[in-house]
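Okay, so here's the structure we're looking at.
Residue indices begin at 1 and follow the sequence shown. The shown structure was predicted, so the numbers you read here are calculated from the model rather than taken from an experiment. Each ligand, and each atom within it, is numbered from 1 in the order the structure gives.
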Amino acid sequence: MESGTKLDRGFTLWFTGLSGAGKTTVSEIVEKELRKRIGTVEVLDGDIVRTNLSKGLGFSRADRDTNILRIGFVAKLLTRNGVPVIVSAISPYKEARDMVRQDIVEDFIEVYVYCPLEVCAERDVKGLYKKAFEGEIQGFTGVSDPYEPPAAPELTLRTDEEEPEESASKVIAKLEELGYLEPAEELDRAS
Ligand SMILES: Nc1ncnc2c1ncn2[C@@H]1O[C@H](COP(=O)(O)OP(=O)(O)O)[C@@H](O)[C@H]1O
Ligand SMILES: [Mg+2]
């Protein structure tokens, strides 16, 4: 076990997946747990980033790539200063995600938040799928725009088959396995 070797290092947990897959939901639970365990954590959520850092960008491939590279740049700055970072962004293009991975190198942890399109569309958290299927929104990821799944993510979550707490526990367990977190007492995660 490598456990304990990276306790003071920053890392970037990069959640990628379709809209409604559960990136924000899982990341909020993970954020809470990290705050409890290490105190510091920074979150870059795509929806929020698009209202400031990436304000004005649209959903063309070029704009999506720019958005991801900006988020990746900030994540890198924080990570190299020892800050745990959580990114939740659809990040549909493999090339852009891989560029960020190359930048952050070993401290980049890609989490594929997998949920079948039909289930995401059924959840329709923001009512966007309905609009996308009716053609009211164009270039919507998974409907009329591509989503390229990660080839070798550090972790895959099946949010159609597990509860959000279960998905979040898997993320925490992965961080423990990689040595970024001290393994906690089972009790801490049970309730
Ligand atoms: N295991 C799970 N993980 C995350 N979300 C889940 C899970 N199971 C069901 N859900 C539900 O799916 C929806 C995901 O929405 P959200 O987190 O906003 O997605 P995203 O940020 O990927 O667009 C929420 O309504 C959430 O309650
Ligand atoms: Mg979200």
Side-chain angles (χ1 to χ4, degrees), residues 12-36 41-55 57-59 61 63-72 74-75 78 84-94 96-97 100 108-134 136-150 153-176 189-191:
T12 290
L13 262 181
W14 191 285
F15 291 91
T16 173
L18 295 174
S19 176
K23 302 177 297 297
T24 298
T25 303
V26 176
S27 72
E28 281 171 355
I29 304 172
V30 172
E31 178 192 4
K32 231 180 249 170
E33 184 66 18
L34 290 181
R35 217 170 276 291
K36 205 166 79 185
V41 55
E42 193 49 79
V43 178
L44 296 162
D45 191 284
D47 284 339
I48 297 167
V49 168
R50 278 183 173 279
T51 68
N52 44 68
L53 183 66
S54 288
K55 193 171 180 176
L57 290 182
F59 293 88
R61 173 159 190 165
D63 278 8
R64 286 178 187 270
D65 284 346
T66 300
N67 178 45
I68 292 314
L69 295 180
R70 283 184 191 172
I71 295 173
V74 176
L78 292 166
V85 181
I86 298 174
V87 174
S88 310
I90 298 173
S91 40
Y93 294 108
K94 188 173 178 302
R97 291 193 309 265
V100 177
F108 182 81
I109 304 156
E110 192 173 30
V111 180
Y112 180 23
V113 185
Y114 174 77
C115 185
L117 178 69
E118 309 78 66
V119 179
C120 292
E122 179 120 349
R123 289 177 180 168
D124 211 5
V125 191
K126 300 176 205 155
L128 296 176
Y129 279 98
K130 185 169 182 291
K131 290 185 181 166
F133 280 117
E134 287 170 355
E136 216 179 299
I137 299 175
Q138 263 125 57
F140 194 78
T141 302
V143 178
S144 41
D145 222 42
Y147 178 79
E148 302 171 355
E154 275 67 24
L155 182 66
T156 299
L157 305 173
R158 292 286 313 245
T159 72
D160 57 328
E161 293 177 349
E162 47 200 46
E163 292 300 316
E165 289 72 19
E166 213 179 329
S167 301
S169 292
K170 289 185 177 174
V171 176
I172 296 295
K174 177 53 73 175
L175 290 171
E176 291 173 352
R189 271 189 278 132
S191 59

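- Glu110 has a carboxylate O that lies under 4.0 Å from a charged side-chain N of Arg97, or vice versa, which qualifies the two as a salt bridge.
- Residues Asn67 and Phe59 are not in side-chain contact: their nearest non-hydrogen atoms beyond the backbone lie 4.5 Å or more apart.
- Residue, atom and distance of the protein heavy atom nearest to atom 2 (C) of ligand 1 are Thr159 CB, 3.4 Å.
- At least one heavy atom of Gly20 sits closer than 4.0 Å to an atom of ligand 1.
- Because the distance cut-off is set at 2.8 Å, Thr24 qualifies as a neighbour of the Mg ion (ligand 2) through one of its N, O or S atoms.
- If you look at Val125 next to ligand 1, the close heavy atoms, those under 4.0 Å, all belong to the side chain.
- Of the protein's heavy atoms, Thr25 OG1, 2.5 Å lies nearest to atom 17 (O) of ligand 1.
- Residue Pro164 has at least one N or O atom closer than 3.5 Å to an N or O atom of ligand 1.
- At least one heavy atom of Leu18 sits under 4.0 Å from some atom of ligand 1.
- Annotation: Lys174, atom NZ; neighbour count of heavy atoms from other residues, nucleotides and ligands within 6.0 Å is above 12.
- Sparse packing is recorded around CD of Glu122, with 12 or fewer heavy atoms of other residues, nucleotides or ligands lying under 6.0 Å away.
- For Val113, the closest heavy-atom approach to ligand 1 does not fall below 4.0 Å.
- The side chain to side chain contact (heavy atoms under 4.5 Å, CB included) test with Trp14 is passed by exactly one of Val85, Ile109, Ile71, Val111: Ile71.
- When side chains are defined from C-beta on, Val74 does not count as touching Val49, because their heavy atoms never get closer than 4.5 Å.
- Salt bridge absent: Glu28 and Lys32 never bring a charged side-chain N and a carboxylate O closer than 4.0 Å.
- For Gly17, the closest heavy-atom approach to ligand 1 does not fall below 4.0 Å.
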